[in-house]
Structures are given as structure tokens and as C-alpha cells.
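Fair warning: this is a prediction, and the values are worked out from it, not measured in the lab. First the proteins, then the strands, lettered A, B, ... as listed; each starts at 1.
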Amino acid sequence: MAGARQDVVAWFDDHARDLPWRAADRTPWGVLVSEVMLQQTPVVRVEPAWRAWMGRWPTPADLATAPTADVLRAWDRLGYPRRALRLQECARVVVERHGGDLPDDEAALLALPGVGTYTAAAVRAFAFGRRSVVLDTNVRRVLARLSAGEALPAPSQTVAERRLAAAWVPDDDTAAARWSGASMELGALVCTARAPRCDVCPVADRCRWLAAGRPADVYAHRRRAQAWTGTDRQARGRVMALLREALGPVPHDAVAAVWPDSAQLARCLDALVADGLVVREDAAGADPDPDAATYRLPH
DNA sequence: AATTCGGGGTG
DNA sequence: CACCCAGAATT
């Protein structure tokens with residue numbers, strides 16, 4: 001295990017991507033922003049967005065006081081815009097509770113909006129150089145193949161899997177942080193989900209999955225393809241795209257034009273308002289007509 | 001443990 | 001066209 005770790009870290013020293021949130025002048029807050037943006041959004045799409053975002057709001061204090069509409073527009077099409085909302089809430093909590101500086105202990109990080117098990121561990125490792133168990137989709141896949149001999153990890157994490165991952169993390173803070181970055185990078189660049197490049201893998205000769213002849217995914221039948229066309233998520237996305245482009249409040253008729261199913265649209269609008277992503281303003285009058293309402297991003 | 005929540009690139 | 005992407009929050 002220690003030998004495989006050394007090989008992966010040595011490979012990382014030569015092949016790590018030159019990502020801006022890894023630069024020497026990085027800040028803990030910049031690392032956290034990258035991690036939140038990277039929650040289910042690929043690196044190639046995050047990188048330009050992160051550069052623009054950090055140029056505009058370099059510190060938690062900057063983001064905390066920004067107009068939410070600007071924040072949602074800057075988030076653009078990274079997806080799951082509630083993440084942008086939580087990131088701004090996170091900035092406000094950091095300012096109010098931690099004096100504007102990101103905390104480095106696990107519990108305080110986990111208490112921040114939008115920060116879960118993975119993100120807290122990643123920030124501890126990559127922003128503060130502390131030991132933590134960073135178990136994302138990349139590390140899960142690397143360990144599933146290398147250690148368990150399976151094509152892909154189970155749909156959900158298990159206690160045994162976390163225990164295994166923890167056993168792979170060195171005791172030393174610096175070594176642990178390097179292993180976390182290296183194992184993630186190996187999963188992202190070599191040990192990929194679709195077409196793994198076992199020919200250039202630094203631990204191919206130690207991989208149980210490769211040794212077994214790269215058997216098929218045993219969990220394939222339990223994975224559900226994400227439906228998209230006609231879903232609430234697509235409808236919500238249409239509405240958010242419209243409101244991001246709009247200069248002022250958008251009349252109900254214009255919103256209705258982006259989605260054919262009026263009942264579904266009404267349900268999604270209610271949900272967007274409840275989520276704090278959209279503000280509905282009813283027309284003046286004692287008996288407000290729903291069709292006379294306007295919609296906009298929150299200020 | 002299962003659902004919900006965007007959007008786009010790729011084999 | 002199915003699948004995947006540095007997950008989190010809610011139920």
C-alpha cells in the first residue's frame with residue numbers, strides 16, 4: 001500500500017494540472033470556492049468561471065456584500081444554482097462567525113452552508129495542508145480498482161469503504177494532503193470512468209482490477225440514468241436562464257413562453273421562490289391575478 | 001437509503 | 001443517447 005502511494009504521488013509530481021486554485025498564491029477561500037464549483041461540475045467548465053469569480057470577489061467579505069442577482073449571473077450555467085446561493089451564505093457566515101477567515105477545523109467547516117463531508121476534507125487538505133480523508137468520485141474509483149478489484153465503486157459510500165480510504169491516508173499532514181491530491185488527480189486523468197488509460201498508469205502493476213482482466217461494473221444494474229428532457233430540473237433551468245438574461249422583472253407571460261406545461265411551470269416557480277432563487281412580485285390590487293405577477297432574481 | 005437539484009461534453 | 005462530472009441537503 002505504501003509503495004503504491006509513493007508511485008501515485010511521484011506521478012502527481014510530474015503530471016499535476018496547473019490549476020489556478022493550486023497556485024502558490026492561492027487562498028483558503030479560493031480553494032473553497034473551487035470545491036463548491038466543482039461539486040458535480042467538471043474542471044474544464046469551472047476554471048474560467050473561477051478566475052472571473054475570484055477576480056470580482058476575492059474574499060468572503062467581497063462576496064458577502066454582493067447583490068445576489070450578480071452572484072447568480074456570475075454562476076452562469078455551472079448548474080445547481082442553489083450552490084451559488086449557499087456559497088454567498090457561506091461567505092456571510094465566515095465574515096460574521098470567523099472574522100472573515102476560513103476556519104481550519106473539521107466541525108467549523110462542516111457547519112458552513114454548502115460544505116459537506118467531501119468539501120470540508122478537501123479544504124482541510126488543499127487549503128491548510130492538514131490530514132483528512134478526501135473521498136470523492138475519483139478517489140472512490142481509484143481505490144475500487146486498485147484495492148477492491150472492481151470497475152466502479154458502489155452507488156453509495158459504505159462504512160467499509162470510508163475505513164479503507166482512511167487506511168490509505170498517511171499519518172503525516174503534508175504526506176496526507178499530497179496523497180489526497182495525487183489520488184484525485186490519478187482518477188481524473190488516468191483512472192477515468194469511461195476509458196481508463198491503464199497503459200500510462202503508475203500503479204498498473206499493482207491494480208487488482210487490471211490483474212483480473214478489467215471485469216465489468218457489478219453495480220451497473222443499480223445505476224439510474226438521469227432523466228433530463230421534460231423534468232422539473234430542465235424547466236427550472238429554463239426559468240433561471242431567462243431571468244439571468246433579463247434586465248428587469250419578467251412578466252408571467254414571458255416566463256410561460258419558455259415552458260409549455262403550465263402546471264409544471266407553476267410548480268417549479270413556487271419551488272424556485274421557496275428556494276430563494278427567484279422573487280415573485282404580485283401586481284398591485286386587492287385581488288392579484290397570478291398571470292399579472294412578475295419574476296426576477298433576488299437583489 | 002433514496003431523491004432532488006443543472007448543464008454539457010463524450011464514447 | 002446513456003453516462004459521467006472534486007456532492008450537499010432533505011426526507
Taking atom [atom1] in both [N] and [M], compute the distance separating them and give it to the nearest angstrom.
N      : M      : atom1 : value
C:dA6  : B:dT4  : P     : 24 Å
B:dG6  : C:dT11 : P     : 16 Å
C:dA9  : B:dG8  : P     : 24 Å
C:dT10 : B:dG7  : C1'   : 22 Å

Q | Ion pair check, A:D270 and A:R280, cut-off under 4.0 Å | A | yes
Q | Salt bridge A:E47-A:R17, side-chain N to carboxylate O under 4.0 Å | A |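 Salt bridge flag = no for A:R17 with A:E47.
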At under 4.0 Å between heavy atoms, what does [X] touch on the DNA or RNA strands: base, sugar-phosphate, or nothing?
X      : result
A:A122 : nothing
A:S34  : nothing
A:T119 : sugar-phosphate
A:W75  : nothing
A:V115 : sugar-phosphate

(Q) Between B:dA2 and A:R223, counting only base atoms on the nucleotide and side-chain atoms on the residue, is there a donor-acceptor pair under 3.5 Å? (A) no
Q | Close residues, residues 136-162 of chain A, relative to DNA chain C [heavy-atom separation under 4.0 Å] | A |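 Output list: A:D136, A:T137, A:N138, A:R141, A:L152.
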Q. Could you run down nucleotides 5-11 of chain B 5' to 3' and tag each one B, S or - for protein heavy-atom contact under 4.0 Å?
A. BBBSBBS
Q: Give me the other members of the hydrophobic cluster that A:Y219 sits in, counting Ile, Leu, Val, Met, Phe, Trp and Tyr linked by side-chain heavy atoms under 4.5 Å, directly or via other members.
A: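 Grouped by the 4.5 Å side-chain rule, A:V218 form the rest of the cluster around A:Y219.
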(Q) In terms of relative ring orientation, are A:W179 and A:W168 parallel, tilted or perpendicular, with 30° and 60° separating the classes? (A) parallel
